[in-house]
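For reference, the structure is listed below as structure tokens.
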Amino acid sequence: MMENLSSSLYLVAQVLLLLLIALLILLVSLKFGDTHNNKNHPRLPPGPWRLPVIGSLHHLFFKSSKIHRALADLARRHNAPVMYLRLGELDAVVVSSPDAAREVMKTHDATFATRPLSTTMRATSAGGLGVAFSPYGERWRQLRKFSTMELLSAKRVRSFRPIREDETARLVAGIAACPPGEPVNVTERVANLVVDSSLRAMMGERFGRREELLECITQAVEIISGFHFGDLFPSSRLVCAIDGTVRKARAFNRKTFELVDYAIEQHRERRSSGAGTTSTDLAEDEDLLGVLLRTQEEGGFGCSIDVGDIKAILVELFVAGSESTSVTIQWAMAELMRNPNVMKRAQTELHCALKDKSRVTEDDLVDLPYIKLIIKETLRLHTPGPLLLPRECQESCEILGYDVQKGTIVLVNVWSICRDPKYWEEAEVFKPDRFEEGAIDFVGTDFCYTPFGAGRRICPGIAFAQANMELVLATLLFHFDWQLPPGVTPSELDMGEEMGISIRRRQDLYLHPTIRVPL
Ligand code: HEM
């Protein structure tokens, strides 16, 4: 009996021992399995289902030609303020909330401070020359410092005031000379003004080959906007060859650089004939090309620049600055036509502030706070760069608890954040008064409102753009009263978008002016 009992106890002990060993193996394997899993299968952000080869592309191409809208829609449906997409061969993360945007552009700003250089952008920017597509590093830092402190500083922007005032006076004279009863194409007039004002600030005189340059910029829209298959499948030469965008980008680069060569020649001729300025005493009145050439010859700012840099910087400043500025003025005019009360308040402010004056000067702008609010609200509802410029993750890190791998392209959907009812009351309504208390600004500190980006890569052209936008809008509202074409009511005005370098109006804006204050 005793023998039976001891053998039963022995059996139970053996079974318990086996169970214990099994449990230990299970725990060890679970622990090992966990580590293994994390390493090879990071906790990716949620996102839509993917197909082999094309990944998530089918969710974008068949939904909407406006990529910012398609991405906002996907993020909403997947409840994903941080969303993972596989775009062909590329990993991409789209962030669509202020918290996630803060992580990218503040908490991990250095990690996301470089730009992905796709084959197309490499060809367009001659291998990443200039500031906008230069990889994050010492060279970018030097050029960026030079751009912000010399080319686009507040002082430099002020020095272009006579050009801006002269160009706006031409705009008013041109509109006033239109036959009575004929509508004015506001889109075209504003675009021309911004182009001419920018070209004069950059190159001094009216540029002799203006039309050729504009033709090139039209091609740039096709090259820069949207996704290209060649960039999405960089390992496939065949796809790149069929796509053909790289060819176009190289042609664009050759042509624009040739045009800047011509501008440099013109500039040198003017200078040798004594019409330009070379002395540092007069450096404040120089155009941007003059500043660049002087810096190339004399050095300074701890950065050496060559002719390639000069061409790349001039082209990128023109491309980055012109369309974004003019579309903002055009959208502002369209919103004012749809919101007669806002128009009325802006015009009342203008006429009270300017009293007996016959034109708006930049000194007057300090007394026109409502014009500034209208610009702010326009940038919120019609963010010209809806996804900013793309960033690239340089070191794997976490965004709101999700893993973002090194090499991932990161897009910040500012357009969607700026229209999200979670952060904005009556988000779809044009209400400049919402900025009245001055608590929210676009300088990169409020992550619910970053139309110029934030962090190290924030737009360096804010002052340049602001000066043009405020003066032109104030001038249009001061000299004229505006009416919609007969039969169009404010709510019927077409507000459709089209993707260019910035989000443009699908239809040109035609309005009827009545002179209120003659020049
Ligand atoms: C309404 C007008 C404008 C808007 C909305 C705008 C918006 C932007 C945005 C969103 C970025 C990317 C920021 C980021 O990645 O965080 C950017 C970059 C840039 N912008 Fe602007 N911009 C405007 C006007 C201008 C003007 C007038 C200039 C120059 C004349 C300019 C020059 C640049 C440059 C050089 C960069 C690249 C900066 C870098 O990568 O370091 N922009 N802009």
Side-chain angles (χ1 to χ4, degrees), residues 68 95 101-102 104-106 109 112-117 121 125 128-137 139-148 150-153 156-157 160 164 190 194-195 197-203 224 287-288 291 309 312-332 375-376 378-392 409-415 417-418 442-445 447 449-470 472-473 500-504:
H68 53 286
V95 305
R102 184 184 295 104
V104 171
M105 298 191 284
K106 187 173 176 189
D109 185 31
F112 293 102
T114 206
R115 306 261 189 229
L117 204 53
M121 284 323 299
S125 63
L129 288 180
V131 180
F133 289 95
S134 178
Y136 180 60
R139 184 69 185 145
W140 170 80
R141 243 188 301 274
Q142 288 173 351
L143 291 179
R144 169 89 197 193
K145 188 172 156 209
F146 171 63
S147 298
T148 43
E150 256 303 88
L151 299 176
L152 302 169
S153 66
R156 181 75 56 199
V157 171
F160 299 136
R164 287 188 294 272
V190 168
V194 174
V195 161
S197 182
S198 306
L199 281 179
R200 281 178 68 185
M202 288 175 192
M203 317 232 190
I224 295 173
D287 53 74
L288 298 186
V291 180
D309 295 316
I313 292 174
L314 269 190
V315 172
E316 86 182 353
L317 291 186
F318 185 68
V319 173
S322 305
E323 189 175 281
S324 49
T325 304
S326 69
V327 297
T328 306
I329 303 168
Q330 294 155 15
W331 282 117
I375 302 276
K376 274 188 167 180
T378 307
L379 287 167
R380 181 187 74 82
L381 267 184
H382 304 284
T383 322
L387 303 170
L388 303 181
L389 290 178
R391 312 283 189 104
E392 187 178 299
I409 292 170
V410 176
L411 302 172
V412 182
N413 197 341
V414 173
W415 179 88
I417 298 172
C418 279
F442 45 51
V443 290
T445 43
F447 289 88
Y449 183 60
T450 56
F452 293 99
R456 287 164 169 78
R457 286 281 187 169
I458 190 172
C459 174
I462 298 180
F464 196 103
Q466 224 178 340
N468 259 323
M469 294 186 297
E470 289 176 5
V472 176
L473 188 61
I501 295 169
S502 316
I503 307 182
R504 308 157 164 180

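Numbering of ligands and ligand atoms starts at 1, following listing order. Hydrogens, waters and symmetry mates are skipped; everything else that's a heavy atom, side chains included, is used. The model shown is predicted, which means the values in this text are computed figures rather than measured ones.
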#### Entry: Environment of atom 21 (Fe) of ligand 1 in terms of protein N/O/S atoms, cut-off under 2.8 Å
Cys459 SG

### The one among Leu143, Asp109, Leu389 that brings a heavy atom closest to atom 12 (C) of ligand 1
Leu389

### Query
Do you know the tightest heavy-atom contact between Gly130 and Ala312?
N-CB, 3.8 Å

## Note on the structure
Between Thr114 and Pro135 the two heavy atoms that sit nearest each other are OG1-CA, 3.4 Å

Out of all atoms in ligand 1, which are within 4.0 Å of some heavy atom of [X]? Include the element for each.
X      : value
Thr328 : 1 (C)
Pro384 : 5 (C)
Val131 : 39 (C), 40 (O), 41 (O)

Of all the non-hydrogen atoms in the protein, which one sits nearest to [atom], and at what distance?
atom                    : result
atom 16 (O) of ligand 1 : Arg391 NH2, 2.6 Å
atom 13 (C) of ligand 1 : Arg457 O, 3.2 Å
atom 15 (O) of ligand 1 : Arg115 NH1, 2.9 Å
atom 41 (O) of ligand 1 : Arg144 NH1, 2.9 Å

Under 4.5 Å between any side-chain heavy atoms of [X] and [Y], yes or no?
X      : Y      : value
Arg457 : Leu389 : no
Phe318 : Leu288 : no
Lys376 : Tyr449 : yes
Trp415 : Ile503 : yes
Trp140 : Arg115 : no
Ser322 : Leu199 : no
Met202 : Val315 : no
Met105 : Val410 : no

### Message
Just to verify, what does Glu392 make a side chain to side chain donor-acceptor pair (under 3.5 Å) with, not counting sequence neighbours?
### Response
none

### Task
Would you kindly check if the NZ (Lys) or CZ (Arg) of Arg141 is within the cone defined by 45 degrees around the ring axis of Phe146 and under 6.0 Å from the six-membered ring centre?
no

Indicate, as side chain, backbone, both or neither, the part of [X] found under 4.0 angstrom from ligand 1 when only non-hydrogen atoms are considered.
X      : answer
Ala454 : backbone
Trp140 : side chain
Pro451 : backbone
Leu152 : side chain

### Query
Taking distance alone, with no angle check, do Arg456 and ligand 1 share an N/O pair under 3.5 Å?
no

